[in-house]
Each structure stands twice: as C-alpha cells, then as structure tokens.
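First the structure, in the form of structure tokens, and then the observations on it.
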Amino acid sequence: MDGTNEGNIAVYYRDAYEIESFKWHDGNHSATVVRALINPDTLNVRQFEAYRLKADGTKQPGAELTEVNDNELKGMIGNQALQLNVEGRAWHSYDFDFSSLAYAYRFLDDKQDGLIFDIIDIDFSGEAAQLKVFGKVQMEYAGKITRDGKSLLEFNIDGPGLDNRGGQIWFNEKTAEMYGLTIEKPDESSYNSNLMRLRMQMDANEEQWQAYKLKQLNP
C-alpha cells in the first residue's frame, strides 16, 4: 500500500462470460495470463487456465481448474492433481486479483447490497500445493466518496478468508466497475499488502489485445 513493488494488471472482457487477466512488471519479458470462464448461473468461475507468456509469444503452461459441478472443483498444476469439495456457495479467487468479484458485482440488483463469499485459491504453504477454502469474506457498504471526479461506493471488506486483515474496496456508482482496493493481506508472497487502482480503460478486439500483451513484454 506504500506504492513500492508496483506491477500492472490488464483485464480483458473477451465475451459475455469470459475474462482474461494479464499481469506483468515493467522491464520483465514474461507475464502471467489467466483465462476464466464464468458460470452464468452462479457467477463463480467454472474454468481457470493459467500460463506464463514470454516476450516471443510462447506459452509455459501453469495451473488449470474446472468446476465439475456446484460441489466439486478439479484441476492440475504441473503433474499434480487438485481437488476440492465445495458447497455451491459463492466464491472468488483473491490470487485472481478479485477480477471475478469485479465481474459478479455488476449483477447485483442493489449495488449497495453487501456480498458474502468464500475465497478459494491454491495453497502453496505445504509440501504439496492444494486447493483450499481460505474462509469467508464479507463486503459491507460503508458510504459514498468522490475520487478523481467520480462517485464511488465504498465497502469494507474483511473476514477469515483475508486472515481478518482486510480493508476497503470501491466501485464506480455509475458504471459498477471496480475502481480499486486497499487490503492489508497481500495476494502473493512478494507483497506485504495490496493496493489496486484503476488507471485507464480502452476498447480492443482480439487482435489488438494479443498485440497489447506482447508490446508490454517488448517495450
């Protein structure tokens, strides 16, 4: 949250229920790409595909995850199988930079309604990686603020899924897009806290999106 270790995330809305996240650091020649298909009934992710994209356009496979049904997730990371039984509840991946949460928020009938969901991610803390329910998180409306001339809805976000080290998250009142967040718990080991803010938006087709990704890795 102090502005150090700055990185970039671009999220491409490819189709009605498909989004792709591209995460990189300036000067690096590889990046993480995560493609997600959304279940239109639950607004949970029904399929993840993650890989490393290199500057020459080659891809290095990473993790895959598929929603078998409302109660089971299966996947692979390398040669290791992943499996998790769930209870059909709403869930989001914090490691996915809450991109699926930003997607699902737009479907709230009342944008000031809070949300309660589980955080499900791959846990790398043990000898072998495993899918894990990290716990519940509650997003509770806190009021309106104005920033950069935009009216934002502010929510407090916290719970066991964030190790009770939460913070705030903001959504544009007019467009329902996620504006940013500050959360004390980092979403990866190279950080000690997490700050995100929306910097720009653009329209792009598939060809332009593919070119954009490679341009960031070949400045």
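Position 1 is the first residue of the sequence; numbering continues from there.
Not a single donor-acceptor pair under 3.5 Å links the side chain of Asn194 to the backbone N or O of Pro186. Under a 3.5 Å cut-off, the side chain of Thr32 and the backbone N or O of Lys23 do not form any donor-acceptor pair. In this structure, the side chain of Asn28 does not engage the main chain of Ser30 through any donor-acceptor pair within 3.5 Å. Using modelled atom types, one side-chain atom of Asn218 and one backbone atom of Ala55 make a donor-acceptor pair closer than 3.5 Å. The backbone N or O of Asn71 sits less than 3.5 Å from a side-chain atom of Asn69, completing a donor-acceptor pair. With hydrogens and angles ignored, the 3.5 Å screen pairs a side-chain donor or acceptor of Asn39 with a backbone N or O of Asp41.
Considering every non-hydrogen atom in both Asn172 and Leu152, the closest pair reads CA-CD2, 3.9 Å. Residue Ala31 comes nearest to Leu217 through the heavy atom pair CB-CD2, 3.9 Å, listed as atom of the first residue, atom of the second, then distance. Taking both residues in full, the closest heavy atoms of Asn85 and Glu72 are given as OD1-CG, 4.0 Å, listed atom of the first, atom of the second, then distance.
The aromatic rings of Tyr94 and Phe98 sit tilted, their planes meeting at an angle between 30° and 60°. The aromatic rings of Tyr12 and Trp209 lie parallel to each other, with less than 30° between the two planes, well short of the 60° mark. In this structure, Phe107 and Tyr17 have parallel ring planes: the angle between them is below the 30° cut-off, well short of the 60° mark.
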Step-by-step side-chain contact (heavy atoms from CB on, under 4.5 Å) determination, Met196 to Asp97:
CA-CA 9 Å; Met196 291 174 57; Asp97 309 303; 4.2 Å; yes
Assess whether side-chain contact (heavy atoms from CB on, under 4.5 Å) is satisfied between Asp56 and Leu214, documenting all intermediate values.
CA-CA 8 Å; Asp56 62 3; Leu214 291 179; over 6 Å; no
Starting from the C-alpha separation in whole Å, work towards a yes-or-no answer on side-chain contact (heavy atoms from CB on, under 4.5 Å) for Met76 and Leu82.
CA-CA 5 Å; Met76 295 287 295; Leu82 303 171; 6.0 Å; no
Begin from the C-alpha positions of Asn156 and Tyr141 and carry the test side-chain hydrogen bond (donor to acceptor under 3.5 Å, both in side chains) through to its verdict.
CA-CA 6 Å; Asn156 295 321; Tyr141 180 66; over 6 Å; no
Going through the checks in order, is the salt bridge (Lys or Arg N to Asp or Glu O under 4.0 Å) test met by Arg14 and Glu206?
CA-CA 7 Å; Arg14 173 174 285 114; Glu206 184 68 25; 2.8 Å; yes
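In this structure, Ile19 CD1 and Ser100 OG are separated by 6.5 Å, a value rounded to the nearest 0.5 Å. Rounding to the nearest 0.5 Å gives a distance of 10.5 Å between NZ of Lys150 and NZ of Lys174. Distance check, rounded to the nearest 0.5 Å: CD of Glu140 to CG of Leu115 gives 11.5 Å. Rounded to the nearest 0.5 Å, atoms CZ (Arg197) and CZ (Arg147) are 8.0 Å apart. Note that the CG atom of Asp123 and the CG atom of Leu131 stand 9.5 Å from one another [nearest 0.5 Å]. To the nearest 0.5 Å, the span separating CH2 on Trp170 from CD1 on Ile157 amounts to 11.0 Å.
Residues Asn5 and Ser190 have side chains in contact (heavy-atom distance under 4.5 Å, counting atoms from C-beta outward). In this structure, His25 and Asn8 have side chains that are not in contact, with every pair of non-hydrogen atoms separated by 4.5 Å or more. At a threshold of 4.5 Å between non-hydrogen side-chain atoms, the residues Ile9 and Ser21 count as touching. The shortest distance between side-chain heavy atoms of Leu162 and Ile119 falls below 4.5 Å. Using a 4.5 Å heavy-atom threshold, the side chains of Val45 and Trp91 count as touching. With contacts defined as side-chain heavy-atom distances shorter than 4.5 Å, the pair Leu101/Met139 qualifies. Side-chain contact check for Ile116 versus Val137: every heavy-atom pair is 4.5 Å or farther apart. When side chains are defined from C-beta on, Glu67 counts as touching Thr42, because their heavy atoms get closer than 4.5 Å.
A salt bridge is absent between Glu18 and Arg46: the closest approach of a Lys/Arg side-chain nitrogen to an acidic carboxylate oxygen does not fall below 4.0 angstrom. Salt bridge absent: Lys132 and Asp121 never bring a charged side-chain N and a carboxylate O closer than 4.0 Å. A salt bridge between Glu49 and Lys59 is absent, with no side-chain N of the basic residue lying under 4.0 Å from a carboxylate O of the acidic one. The pair Glu154-Lys144 does not meet the salt-bridge criterion, since no charged nitrogen lies less than 4.0 angstrom from a carboxylate oxygen.
Contacts classified as side chain to side chain donor-acceptor pair (under 3.5 Å) and involving residues 101-119 (residues at least two apart or in different chains) are given here: Arg89-Asp118. Residue pairs meeting the ring-ring contact (aromatic ring centres under 6.0 Å, His included) criterion with at least one member in residues 40-63, sequence neighbours excluded, are Phe48-Phe96.
Cation-pi geometry between Lys215 and Tyr212 is not satisfied (NZ or CZ under 6.0 Å from the ring centre, within 45° of the ring normal).
A donor-acceptor contact closer than 3.5 angstrom links the side chains of Asp2 and Thr4. Side-chain contact, Gln130 with Gln80: no donor N or O sits under 3.5 Å from an acceptor N or O. Looking only at atom types and distance, the side chain of Lys213 has a donor-acceptor partner in the side chain of Gln210 under 3.5 Å away.
Phe22 and Ile38 sit in two unconnected hydrophobic clusters of ILVMFWY residues. Membership requires side-chain heavy atoms under 4.5 Å apart, directly or through other members.
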